[in-house]
Amino acid sequence: METPERYNIKETEAKWRKVWEDKKSFEVTEDTSKPKSYVLAMLPYPSGRIHVGHVRNYSLSDVVARYKRAKGFNVLNPMGWDALGLPAENAAMERNTHPKDWTYENIAQMKAQLLSMGLAIDWSREVATCDPDYYKHEQKMFIDFYKNNLAYRKESIVNWDPVEDTVLANEQVVDGKGWRSGAPVERRKLYQWFFKITEFADDLLKGIETLDRWPDKVRTMQHNWIGKSRGLEFSWGIKDHDETIDVYTTRPDTFFGASFLALSPDHPLAKKLASDKDGYDDFIKACQATGTSEEAIEKAEKIGFYTGLKATHPLLKTEMPIYLANFVLMDYGTGAVFGVPAHDQRDLDFARKYDLEVIPVVLPPEEDAATFKIGSEAFIGDGLIYNSDFLNGLNKEDGIKAAIAKFEELKIGKGVTNFRLRDWGISRQRYWGCPVPFIHCDDCGLIPVPEDQLPVELPYDINYDKPGNPLDRHPTWKHTICHECGKDAVRETDTCDTFFESSWYFLRYLDPQNKERGFANEKSNYWMPVDQYIGGVEHAVLHLLYSRFFMRALKKCGYEVPDEPFAGLFTQGMVTHATYKDSDGNWIFPTDAIQQEDKSWQTKDGKAVTQGAVIKMSKSKKNVIDPQDIIDTYGADAARLFILSDSPPERDLEWTEGGIEGAWRFVNKLHRTITDALPTLPTVGIVQPNNFSDKAKELRSTTHKAIVGVAEDIDNFHMNKAVARIRELSNALTGFKPADDGDTWALREGYEALVRLFNPMMPHLAEELWSQLGHDTILTETSWPTHDKKLLKDDTVTIGVQVNGKVRATITLASDCSKDEAEKIALAEPNVQKALEGLTLHKVIVVPGRIVNVVAG
RNA sequence: GGGGCUGUGGCGGAAUGGUAGACGCUGCAGACUUAAAAUCUGUUGUCCUUUGGACGUGGGGGUUCAAGUCCCCCCAGCCCCA
């Protein structure tokens, strides 16, 4: 017998991609006759190659897009490139290339790779954020923000790398040193641009409540990030000075336990009060050596500088020392705090170091006021307040309220709401970013570039001979003429944080060719909000929060956008892989570790290899798989299937060779069983017979249950379960031996449903088999199969019979069986009788269709 | 330290409070083959005195006729914020 021809994956997949491309299958326009669905995957950074995380992300969004499409939605599924940013500059410096050339080469490569995945993407809307046609519109938005008081420039403290001559983001400071130069980071004051996200702090917080299709985890993280707190602000006097010091505290219930006052070294009064004291300069220098992040400040050793001055408690009139302390942040609250060592760990550490008083004022439950002492750990929990006059006996919450009320009553303080959220610092002293569209004129000051002169384009001719910002030292670029007065002026050389681009790219997709505006309002009104956004949880705070801020800011500037950009959010897990080390202790690629017959691992040249932990794929640990190799070997469908079927999408996925091979076998099996079955199937569109055999009825029931089940699973992002159901249906169909016309009709019905159900996951194979089944339509234009409700219900149901909660038998009943009947049949079971021997029957619980439980004792 | 998530066979994982282990991977046995690959069939939680039974969802309590699922305490791992 002739062996059946193998499924030629490469040719077939390419053939169908060509069909979709020729038919422009995924290009969409606004269409009010259908409900719309905007399915969005987070746009990739063009690093050069796609990685498995991308494959997971886009496989998920593609399933949703194709499924929604089959369900009758007008689906927008776009793609673009987050193309500005530091890696391009690093690559340029290392390889002597240009950031722009490097980026566009990478885009071309990665686009080819994404195309090979067979994604249902409208490529006519492709956007690259480094394109001046893109950043032109965001420069306009920047100016709009400025005019609406949402963008401003102010002097602020930054991490400064003295070797690279540049500002570092907090993430670029490692152990107090620059991540590239290794030089100790300094704190410097520089003029920086900010977006006023804090203006919407309350609204961003409230909006979280409406995001019912977001993971709770992300909502909690955003909630905590915004960090709303209610506290008390009041002034302390300074002995023998006219000035007063405003402090803010979230724990006014503890103010009787205060023993010192601490000012941020950056506080305006700090210099004034202490700069003439010995050691002040050294102290400030020491403070400047720590980074600016909260974490850096928290981890740094607490150091203080005694000003020699005393502060007067406004209520108690007691006096306590005023320190400068490195752990007090100037931009949170008022930049000054009073220390309550007994109930704050930082304050306690500080107090122990400088030998300050520790006065407990909150008594932990089950402690005795007479004997309670603070050791090396502050008590920050809730308890009863004591040693505190009018607050005595209150708990934390009531104490806070009572303290605020008292200060307000005496008019010496007021309740204040504070946010942890800071304004968004967007200045970067880098070349490969969107130029801030402003000029500095000696006479006219800071003025925005006129709209008709946008975009302010990046010059191409730059060099990296020296550290620092190439824009700043470019021979001509920054020199310009003030359009107000005509005198010489200079351009702003800061560029924007790349989170700027990703905060609105989903709006540009809606109207990518628009030369006049970033997007037309009518496009936004039709497509927004994004119905389903999919991406990594690492963007849970910043990107998603900035995008939410942008909607509010754009709205204030007259753009028509919804408050919330993403109605639904799904955050996928990471892709992990086992790690391997050779006998010399070097990490090696999984493809270089070869498993021997005795299960041990070796390199090609026979070196012993040890297998290590299964962790997130990373280049440094070399535990990476190139998805292109997988697609080239097994095909896009198999790669997509494996990545969708192996784990629930929100959890981490362990990439295994066995798993991908299993998926590949299933692809081949589907092709083989359906092509083998073709000769036995009736022709397309043949009329449904009137009668079916019992087994055909059963098969049809399985088919229709799968139609409903797979849809439910996809709706709930249970892609692994959807695949399991598809396999079940496939197993049922494969094992079915038709005997009459009804049987073959049911078999065709089943196979056709099967193909349509797995189309979202394996679209190439689905198109191929749909065509082989005799259809001249294509699946991208075919709806989700309909189901017959009558076939979802079974005639009989098999349930368990428990005696005292333990299963003793199973019985099969008519599905409309009465409770009495079910009880009778259950009790008649020999095993149930046996279990009941010697016991008295108390009662029988019958849950129809579920269980019978016999209670006896 | 605070907040959150997770914990089920050898492995990935299923299970509206109702027959725990769907579906797959691996393993084992068999068929086909000169042989291998591929494919197909069966089997695969542990234990026992094996036509049956006991145990079993990180550990300990509780609620319930019934708990992987709900509540309390503890342990471990991961993530976020410190």
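Below, read A as the first sequence line, B as the second, and so on, with proteins coming before strands; counting in each chain starts at 1.
- Nucleic acid contact class of A:Thr810 (heavy atoms, under 4.0 Å, all strands): base.
- B:G3 and B:A67 have their P atoms separated by 31 Å, with the value rounded to a whole Å.
- Using atom P as the reference point in both B:A66 and B:G56, the two lie 16 Å apart (nearest Å).
- Using atom C1' as the reference point in both B:G77 and B:G62, the two lie 26 Å apart (nearest Å).
- Counting only residues at least two apart or on different chains, the salt bridge (Lys or Arg N to Asp or Glu O under 4.0 Å) pairs with a member in residues 539-548 of chain A are A:Arg548-A:Glu564.
- Distance, A:Trp664 CH2 to B:U39 C1': 12 Å, rounded to whole Å.
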Return all side-chain donor-acceptor pairs below 3.5 angstrom for residues 821-839 of chain A, not counting sequence neighbours, or 'none' if the list is empty.
unit_1   : atom_1 : unit_2   : atom_2 : d
A:Gln833 : NE2    : A:Leu827 : O      : 2.5

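- No more than 12 heavy atoms of other residues, nucleotides or ligands lie within 6.0 Å of NE2 in A:His223, so this atom counts as exposed by the packing criterion.
- In terms of position on RNA chain B, the residue among A:Pro648 and A:Met221 whose nearest nucleotide sits closer to the 5' end is A:Pro648.
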Pairs of donor and acceptor atoms involving the side chains of residues 698-709 of chain A, under 3.5 Å and at least two apart or interchain, shall be tabulated with distances.
unit_1   : atom_1 : unit_2   : atom_2 : d
A:Arg700 : NE     : A:Glu749 : OE1    : 2.7
A:Arg700 : NH2    : A:Glu749 : OE2    : 3.0
A:Ser701 : OG     : A:Leu791 : O      : 3.1
A:Thr702 : OG1    : A:Glu698 : O      : 3.0
A:Thr703 : OG1    : A:Leu699 : O      : 3.0
A:His704 : ND1    : A:Asp788 : N      : 2.9
A:His704 : NE2    : A:Glu749 : OE2    : 2.9
A:Lys705 : NZ     : A:Asp794 : OD1    : 2.9
A:Lys705 : NZ     : A:Asp794 : OD2    : 2.9

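- Interface residues of residues 710-717 of chain A facing RNA chain B, ordered by number: none; criterion, heavy-atom separation under 4.0 Å.
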Listing, residues 847-857 of chain A side-chain donor-acceptor contacts under 3.5 Å, not counting sequence neighbours, or none:
unit_1   : atom_1 : unit_2   : atom_2 : d
A:Asn853 : OD1    : A:Gly805 : N      : 3.2

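- Atom CZ in A:Arg727 sits roughly 15 Å away from atom P in B:A14 (whole-Å rounding).
- Comparing A:Trp225 and A:Asp652 against RNA chain B, the residue whose closest nucleotide sits nearer the 5' end is A:Asp652.
- Regarding contacts with the backbone of B:C55, a side-chain N or O of A:Lys806 is found under 4.0 angstrom from either OP1 or OP2.
- Here, B:C25 and B:A38 have their P atoms 12 Å apart, quoted to the whole Å.
- Annotation: B:C81 and B:U16 have their P atoms spaced 33 Å apart (nearest Å).
- Summarising the geometry, the separation between CG on A:Asp646 and C1' on B:U26 is reported as 13 Å, rounded to the nearest angstrom.
- Distance check on atom P: B:G24 versus B:A15 gives 16 Å, rounded to whole Å.
- Under the 3.5 Å distance criterion, the side-chain polar atoms of A:Ser730 are left unmatched by any main-chain donor or acceptor of A:Ile726.
- Within 4.0 Å (heavy atoms only), A:Arg808 reaches sugar-phosphate atoms of the nucleic acid but no base atom.
- A:Asn804 comes within 4.0 angstrom of no nucleic acid atom, judged by non-hydrogen atoms across all strands.
- Judged by the 6.0 Å and 45° rule, A:Arg727 forms a cation-pi pair with A:Phe666.
- The side chain of A:Arg420 lies closest to B:A82 when the candidates are B:G12, B:A82, B:C23.
- Put simply, A:Lys721 has a side-chain N or O that comes within less than 4.0 Å of OP1 or OP2 on B:A15.
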If pairs are Watson-Crick or G-U with both distances under 3.5 Å, what is the dot-bracket string of RNA chain B, marking crossing pairs with [ ] and pairs to another strand with |? (((((((..(((.....[....))).(((((.......))))).((((...))))..(((((..]....)))))))))))).
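- Residues satisfying the ring pair (Phe, Tyr, Trp, His ring centres under 6.0 Å) criterion with A:Phe419, sequence neighbours excluded, are absent altogether.
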Strictly under 3.5 Å: I want the nitrogen or oxygen pairs between protein and nucleotides 16-18 of chain B, one per line.
unit_1 : atom_1 : unit_2   : atom_2 : d
B:U16  : O4     : A:Arg850 : NE     : 2.3
B:U16  : O4     : A:Arg850 : NH2    : 3.0

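- In textbook terms, a nucleotide whose glycosidic angle is within 90° of 0 is syn, and B:U50 is one such case.
- Phosphate contact (OP1/OP2 of B:A15, side-chain N/O of A:Arg725, threshold under 4.0 Å): absent.
- As rounded to the nearest Å, B:G21 and B:A76 have P atoms that lie 32 Å from one another.
- Remark: side-chain polar atoms of A:Asn8 are paired, donor with acceptor, to backbone N or O of A:Glu11 under 3.5 angstrom.
- Note: CD (A:Glu837) to C1' (B:G53) measures 15 Å, nearest angstrom.
- For A:Lys10, there are no salt bridge (charged side-chain N to carboxylate O under 4.0 Å, His left out) partners, not counting sequence neighbours.
- Using a 4.0 Å heavy-atom distance criterion, A:Arg651 is classed as a sugar-phosphate-only contact.
- Residue pairs meeting the side-chain hydrogen bond (donor to acceptor under 3.5 Å, both in side chains) criterion with at least one partner in residues 712-723 of chain A, sequence neighbours excluded, are A:Tyr67-A:Asp715, A:Asp713-A:Arg725, A:His718-A:Lys721.
- Screening residues 636-651 of chain A for side-chain hydrogen bond (donor to acceptor under 3.5 Å, both in side chains), with sequence neighbours left out, gives A:Asp62-A:Arg640, A:Asp637-A:His764.
- Using a 4.0 Å cut-off, no side-chain N or O of A:Asn720 falls inside it from OP1 or OP2 of B:C23.
- At whole-Å resolution of the value, CG in A:Leu421 and P in B:A82 are 12 Å apart.
- Taking the C1' atoms as reference points, B:G18 lies 39 Å from B:G2, given to the whole Å.
- Following rounding to the nearest Å, A:Asn731 (CG) and B:U41 (C1') show an atom-to-atom distance of 13 Å.
- Distance A:Trp655 CH2 to B:G13 P: 15 Å, rounded to the nearest Å.
- With sequence neighbours excluded, the residues forming a salt bridge (charged side-chain N to carboxylate O under 4.0 Å, His left out) with A:Asp216 are A:Arg219, listed by chain and number.
- Nucleotide B:G9 carries a syn base; the chi torsion (O4'-C1'-N9-C4 or O4'-C1'-N1-C2) is within 90° of 0.
- The existence of a salt bridge linking A:Asp202 and A:Lys228 is confirmed by a sub-4.0 Å separation between a basic side-chain nitrogen and an acidic carboxylate oxygen.
- Between A:Gln222 atom CD and B:C80 atom P the separation is 15 Å, expressed in whole Å.
- Looking at heavy-atom distances under 4.0 Å, A:Thr798 makes contact with a base.
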